Amino acid sequence: MLFDSSIRKELARSFGATLVVLVTVVMTMMLIRTLGQAARGSVSPSDVMLVMGFTVLGQLSTILTLSLFIATVSTLTRMYRDSEMVIWFASGRGLMSLLSPLLRFSWPVMLAIAALALAIWPWANRQVVELRAQYEQRSDIDRVAPGEFQESANGARVFFIDKATSDAGVASNVFVATNEQDRETVTSARSARLEVRKGERVALLSDGQRLETTLDKPGLKVSDFVEYGMRVGSGSPGTPDEAAVKTQGTLDLLRDPTPADLAELGWRFGLAFAALNFVVLGLAVAVVNPRAGRSGSMMFALFAFITYYNLMNLGQSWVGAGRLGLGEFMLLLHGGTLAFGLGLLAWRHNHWSLRMLLGRPRSAA
């Protein structure tokens, strides 16, 4: 039908333009943020583009939801402003009849948002965590340069080598200073080499001396060694030590859910429900007020989006702390928002008023 096709074409144009703008803005912000992390030593400079790409991919579900909401509000607002809605209403179309073409246009986007939230979001977070863990585990040794003192990533060790040999992983005149909770050690050796033993990277120091000082006890312990092993990292740096909740798959969270797992599940499923709610809200609130100007509906849409996502974050923290159940949170926020949107839509479609609902008859003129 002409009614459905015209609305969907307008929605497609607005959605595409909004998506391009939002992706460009988010990519710029993520690039600046990732460059700052690389400058602080949290991310390898060579992995800046990868970390930025995975971060934007993880945030794509939120970008699609906001793009869909803005496209819905802007399209309907333009139709009101250009009197197209008046023509459709005069031809027998009501406000409820717009919900069907909106959902036919939006359901592929909603499926994409659900797939991104349930599968791509944890995968992208896992890739970022692995890249950071890989850089942190290899940085203690790989960043050591001959003739320079180099601090480890956690600040507990200081390395120094006089010069490196032609053999990979072998150095001469090695100095290592370690500062732990209750003791300090200074280790020097004539040479050192790297090996992998039982999945861990070990630096084997040869022909050296170790000085150990206990902070709560007086005295200095001196020991000479022919060979001394020091663990410097994992042999398989691709696996982080502790998997965060955001990096776990959705099925893993469902198997043995803890409060933190339920909170993460509420966030992921909430992203999918939010897209539906924003389509209904966009249809219910899209109206033109000549006194407010063209940007009135758009400002309200952005304010509603920010409020909704802040409530999602608040609910996630409450579920994680055990103050609120997952079912109660989903019903209150997402179910309540859907009921509010449908109620407001029915109010505008049927032209209800408080006088009509209260049953008060109008006084005769």
Side-chain angles (χ1 to χ4, degrees), residues 11 14-15 18-19 21-23 25-26 29-30 55-56 58-77 95 98-99 102-103 105-118 120-121 125 245-246 250 262-287 289 292 295-321 323-348:
L11 283 171
S14 180
F15 176 77
T18 306
L19 181 61
V21 173
L22 290 180
V23 169
V25 172
V26 173
M29 296 173 58
M30 291 299 105
T55 305
V56 174
Q59 300 294 331
L60 193 56
S61 57
T62 305
I63 298 174
L64 287 175
T65 304
L66 181 57
S67 301
L68 185 61
F69 189 34
I70 292 178
T72 302
V73 174
S74 61
T75 299
L76 296 177
T77 301
L95 193 60
L98 290 169
L99 187 59
L102 284 177
L103 292 179
F105 170 80
S106 304
W107 74 263
V109 182
M110 294 179 184
L111 288 181
I113 292 172
L116 288 168
L118 298 178
I120 305 301
W121 162 259
N125 290 330
V245 177
K246 292 183 179 181
T250 303
L262 293 176
E264 180 64 20
L265 287 173
W267 171 260
R268 297 181 187 180
F269 285 107
L271 290 175
F273 290 129
L276 174 62
N277 289 338
F278 279 127
V279 171
V280 177
L281 281 176
L283 177 58
V285 303
V287 66
N289 186 359
S295 60
S297 298
M298 194 59 60
M299 294 300 296
F300 178 79
L302 293 177
F303 176 76
F305 182 86
I306 294 173
T307 304
Y308 195 96
Y309 269 75
N310 285 333
L311 290 176
M312 287 180 59
N313 288 323
L314 180 61
Q316 184 182 12
S317 64
W318 281 359
V319 173
R323 299 173 58 183
L324 189 66
L326 177 60
E328 298 173 355
F329 163 65
M330 300 293 289
L331 183 62
L332 287 175
L333 179 59
H334 304 290
T337 304
L338 181 60
F340 172 76
L342 292 175
L344 183 59
L345 186 59
W347 181 290
R348 293 189 56 199

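These numbers come from a predicted model, not from an experiment. Worth knowing before you read on, the calculation uses all heavy atoms, side chains too, and leaves out hydrogens, waters and symmetry mates.
Trp267 and Trp121 have tilted rings, their planes meeting at an angle from 30° to 60° on a 0 to 90° scale.
In terms of heavy atoms, Leu271 sits closest to Ala117 at CD1-CB, 3.7 Å. Closest of all the heavy-atom pairs between Gly266 and Leu326 is CA-CD1, 3.4 Å. Residues Gln316 and Ala263 share a closest heavy-atom pair of O-CB, 3.2 Å. Taking all atoms of both residues into account, the shortest heavy-atom contact from Phe15 to Val109 is CZ-CG1, 4.0 Å. Pairing each heavy atom of Leu281 with each of Gly341, the nearest pair is CD2-CA, 3.9 Å. Shortest non-hydrogen contact noted between Leu68 and Ala275 is CD2-O, 4.3 Å.
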Begin from the C-alpha positions of Leu276 and Leu103 and carry the test side-chain contact (heavy atoms from CB on, under 4.5 Å) through to its verdict.
CA-CA 8 Å; Leu276 174 62; Leu103 292 179; 3.9 Å; yes
Criterion side-chain contact (heavy atoms from CB on, under 4.5 Å) on Phe278 and Thr72, from CA distance to verdict:
CA-CA 9 Å; Phe278 279 127; Thr72 302; over 6 Å; no
Going through the checks in order, is the side-chain contact (heavy atoms from CB on, under 4.5 Å) test met by Val280 and Leu102?
CA-CA 9 Å; Val280 177; Leu102 284 177; over 6 Å; no
Leu66 and Leu302: CA distance, side-chain angles, deciding distance, side-chain contact (heavy atoms from CB on, under 4.5 Å) verdict:
CA-CA 8 Å; Leu66 181 57; Leu302 293 177; 4.3 Å; yes
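Rounding to the nearest 0.5 Å gives a distance of 11.0 Å between OG1 of Thr65 and CD1 of Ile70. The line from CD of Gln59 to CD1 of Ile120 is 13.5 Å long, rounded to the nearest 0.5 Å. The OG1 atom of Thr55 lies 8.0 Å from the CG atom of Asn125; values are rounded to the nearest 0.5 Å. Atoms CG and CG, on Leu342 and Leu99 in that order, are 7.5 Å from each other to the nearest 0.5 Å. Separating the CE atom in Met110 from the CG atom in Leu64 is a distance of 11.5 Å, to the nearest 0.5 Å. Annotation: the span from Ile113 atom CD1 to Ile63 atom CD1 amounts to 11.0 Å, rounded to 0.5 Å.
Remark: side-chain polar atoms of Ser74 are paired, donor with acceptor, to backbone N or O of Ala71 under 3.5 angstrom.
Annotation for Phe273: atom CZ does not count as buried by contact number, only 12 or fewer foreign heavy atoms lying within 6.0 Å.
Partner Asn310 forms a side-chain contact (heavy atoms from CB on, under 4.5 Å) with one of Leu314, Ile306, Thr307 and no other, that one being Ile306.
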With a cut-off of 3.5 Å and sequence neighbours excluded, list every side-chain donor-acceptor pair involving residues 328-337.
{"residue": "His334", "atom": "ND1", "partner": "Tyr308", "partner atom": "OH", "Å": "2.7"}
{"residue": "Thr337", "atom": "OG1", "partner": "Leu333", "partner atom": "O", "Å": "2.5"}

